[in-house]
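Here is how names work: the chains are called A, B, and so on, in the same order as the sequence lines, proteins then strands, and each is numbered from 1.
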Number of protein chains: 2
Amino acid sequence: MSQIPLARRSPIPPENCNLARAIELIGDRWTLLILRAALYGVRRFDDFQSELKCPRTVLSGRLKILVDAGLLTKRTYKVPGKRARPEYVLSAMGISLRPILIGLTQWGDVWLGQGEPAPISFTKAGSKGAIRAAFVDADGREVRPDQIRAVLRG
Amino acid sequence: MSQIPLARRSPIPPENCNLARAIELIGDRWTLLILRAALYGVRRFDDFQSELKCPRTVLSGRLKILVDAGLLTKRTYKVPGKRARPEYVLSAMGISLRPILIGLTQWGDVWLGQGEPAPISFTKAGSKGAIRAAFVDADGREVRPDQIRAVLRG
DNA sequence: CCGTATCCACTCGGATACTG
DNA sequence: CAGTATCCGAGTGGATACGG
């Protein structure tokens, strides 16, 4: 079943692991749902709230965390003749999570899809075939999962 | 900053979204840390516990969820002359999360690495160059993030 | 070892209401 | 709209102890 060799501990202590740090930061139900919505273009407080149906206090807190961490930028935008409004936009740091959430979407399509076809799929601009998450080498060529080796530094 | 067009709602309601389902299932600090450890080869209750330093009750609960969901398989293995022991091994469903967690690792290396070089990197068996999580088309050729387009079904 | 059982303090999520 | 202020109950995290 598992080709992963038995280990008593992970090779990197969680306190010093960037994966663990990422999990501490965004590994949270509401936070991830906020990022999901943001990647779909949602930007405003009440839009997030009606999308997530979470307590406003919780939403407020999570948005603060994401702004502080640099994933979201809080800025004000103004439509002429209307009152200025704050909005939360993804920064480059936030946008770079997109491939990961797309990967998770496709994982969900496979394992949690309840037999129904995926409601959303992803293609390369100008093409029609589906794309998928994978590993590539420096030349952009795919590396099969069983070919992957982890290398510790030092 | 954000090329993502403004939206009031996400195109797919969360109740019907496989990404949202995935988030409900594994979008949790302890759950993700368990999966992280499991992908590094940890299999036993006490090893998880000393790795995560979480309450044993919490660990027990999370493991049950992951087993029920099919991400982990609880099985018994026996070393001759020793007492049989249960262990939690990743199923195919669990292993297929690996690209996603490696992608998140590399995201963390870039944005949360505090300037230090990545403590762990990934290569192709027999080669030396680093590999990275990315998207590929049907031919196994990389698709750059800005080339990705979402397509709704129907 | 592998858990389950408690106890406690605390945060979180849920609901509602109230202001700039 | 965009939040902050409460209140409340449930679940979680933390520590410790105890049985298979």
Side-chain angles (χ1 to χ4, degrees), chain A residues 6-9 14-15 20 23-38 41-68 72-90, chain B residues 6-9 14-15 20 23-38 41-68 72-90:
Chain A
L6 174 66
R8 309 298 308 276
R9 309 279 305 212
E15 318 81 61
I23 290 172
E24 304 288 342
L25 178 56
I26 65 166
D28 165 84
R29 192 185 121 116
W30 295 119
T31 303
L32 286 167
L33 289 173
I34 288 171
L35 291 171
R36 168 188 175 278
V42 175
R43 293 183 198 169
R44 311 221 267 251
F45 191 92
D46 271 22
D47 291 342
F48 281 114
Q49 206 275 328
S50 61
E51 171 91 13
L52 305 197
K53 293 174 194 46
C54 77
R56 307 173 72 76
T57 45
V58 173
L59 176 59
S60 171
R62 296 297 197 283
L63 288 174
K64 262 194 244 309
I65 291 173
L66 289 172
V67 169
D68 288 349
L72 292 179
T73 306
K74 182 174 184 174
R75 69 182 189 199
T76 307
Y77 90 101
K78 196 168 154 39
V79 175
K82 293 213 172 194
R83 184 154 55 88
R85 285 182 183 173
E87 61 177 3
Y88 299 88
V89 247
L90 288 164
Chain B
L6 173 65
R8 310 297 309 275
R9 309 279 305 212
E15 317 82 60
I23 291 172
E24 303 289 340
L25 179 57
I26 65 166
D28 166 84
R29 193 185 119 116
W30 296 118
T31 303
L32 286 167
L33 289 173
I34 288 171
L35 291 171
R36 168 188 175 277
V42 176
R43 294 183 198 170
R44 311 222 265 250
F45 191 93
D46 270 23
D47 291 341
F48 281 114
Q49 205 275 329
S50 60
E51 171 90 14
L52 306 197
K53 294 174 193 46
C54 75
R56 307 173 73 75
T57 45
V58 173
L59 176 59
S60 172
R62 295 298 198 284
L63 288 174
K64 262 192 244 308
I65 291 173
L66 289 172
V67 169
D68 288 349
L72 292 178
T73 305
K74 182 173 184 175
R75 68 183 189 197
T76 307
Y77 92 100
K78 197 169 155 38
V79 174
K82 293 213 171 193
R83 184 153 54 88
R85 284 185 186 172
E87 62 178 4
Y88 299 88
V89 246
L90 287 165

Original post:
Between B:Leu66 and B:Thr31, is any pair of side-chain heavy atoms under 4.5 Å apart?
Top reply: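 Yes, their side chains come closer than 4.5 Å.
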**OP:** Establish, with yes or no, whether the OP1 or OP2 oxygen of C:dC2 is under 4.0 angstrom from a side-chain nitrogen or oxygen of B:Lys64.
**Re:**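 So the side chain of B:Lys64 is outside the cut-off, no N or O lying under 4.0 Å from OP1 or OP2 of C:dC2.
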**OP:** Heavy atoms only: give me the nearest B:Val42-B:Phe48 pair and the separation to one decimal.
**Re:**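 For B:Val42 versus B:Phe48, the nearest heavy atoms are O-CZ, 3.3 Å.
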**OP:** Measure the distance from CG on A:Leu6 to C1' on C:dC1 and round it to the nearest whole Å.
**Re:**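 In whole Å, C:dC1 C1' and A:Leu6 CG are 14 Å from each other.
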Subject >> Distance, rounded to the nearest Å, where B:Phe48 contributes CZ and C:dC2 contributes C1' >> reply: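 My rounded result for the distance is 13 Å.
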Measure the [atom1]-[atom2] distance between [X] and [Y] for me, rounded to the nearest 0.5 Å.
| X | Y | atom1 | atom2 | value |
| --- | --- | --- | --- | --- |
| A:Asp47 | A:Tyr88 | CG | OH | 12.0 Å |
| A:Ile34 | A:Cys54 | CD1 | SG | 6.0 Å |
| B:Asp28 | B:Ile65 | CG | CD1 | 7.5 Å |
| B:Gln49 | B:Leu63 | CD | CG | 11.0 Å |

Subject >> Bounds of contact between DNA chain D and chain A, in 5' to 3' order, using a heavy-atom cut-off under 4.0 Å >> reply: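 Extent of the interface on DNA chain D: D:dC1 to D:dT6.
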**OP:** Please name all residues satisfying salt bridge (charged side-chain N to carboxylate O under 4.0 Å, His left out) with B:Arg85, sequence neighbours left out, ordered by chain then number.
**Re:**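 Not a single residue meets the salt bridge (charged side-chain N to carboxylate O under 4.0 Å, His left out) criterion with B:Arg85.
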**OP:** Starting at the 5' end of DNA chain C, write a dot or bracket for each base, bracketing those in Watson-Crick or G-U wobble pairs whose two distances are under 3.5 Å and using | for partners on another strand.
**Re:** |.||||||||||||||||||
Subject >> Those residues that, when tested against A:Ser50, pass side chain to side chain contact (heavy atoms under 4.5 Å, CB included) (two or more places apart) >> reply: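 Checked A:Ser50 against side chain to side chain contact (heavy atoms under 4.5 Å, CB included); matches are B:Arg9.
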**OP:** Could you list the residues that satisfy side chain to side chain contact (heavy atoms under 4.5 Å, CB included) with A:Pro55, not counting sequence neighbours?
**Re:**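 For A:Pro55 the side chain to side chain contact (heavy atoms under 4.5 Å, CB included) partners, ignoring immediate neighbours, are A:Thr57, A:Val58.
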Subject >> Residue whose nearest DNA chain D nucleotide is more 5′ - A:Ser60 or B:Arg8 >> reply: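 With B:Arg8 and A:Ser60 compared, the 5'-side residue is B:Arg8.
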**OP:** Check for a donor-acceptor pair, side chain of A:Lys78 on one end and backbone N or O of A:Lys82 on the other, with a separation under 3.5 Å.
**Re:**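 A pair under 3.5 Å: yes.
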Original post:
With a non-hydrogen cut-off below 4.0 angstrom, is B:Lys82 in contact with a base, only sugar-phosphate, or nothing?
Top reply: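 B:Lys82: no heavy atom of the nucleic acid under 4.0 Å.
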Original post:
What string of B, S and - do you get for nucleotides 7-20 of chain C, 5' to 3', when a contact is any protein heavy atom under 4.0 Å?
Top reply: ------BB--B---
Original post:
Going through the checks in order, is the side-chain contact (heavy atoms from CB on, under 4.5 Å) test met by B:Leu72 and B:Val89?
Top reply: CA-CA 5 Å; B:Leu72 292 178; B:Val89 246; over 6 Å; no
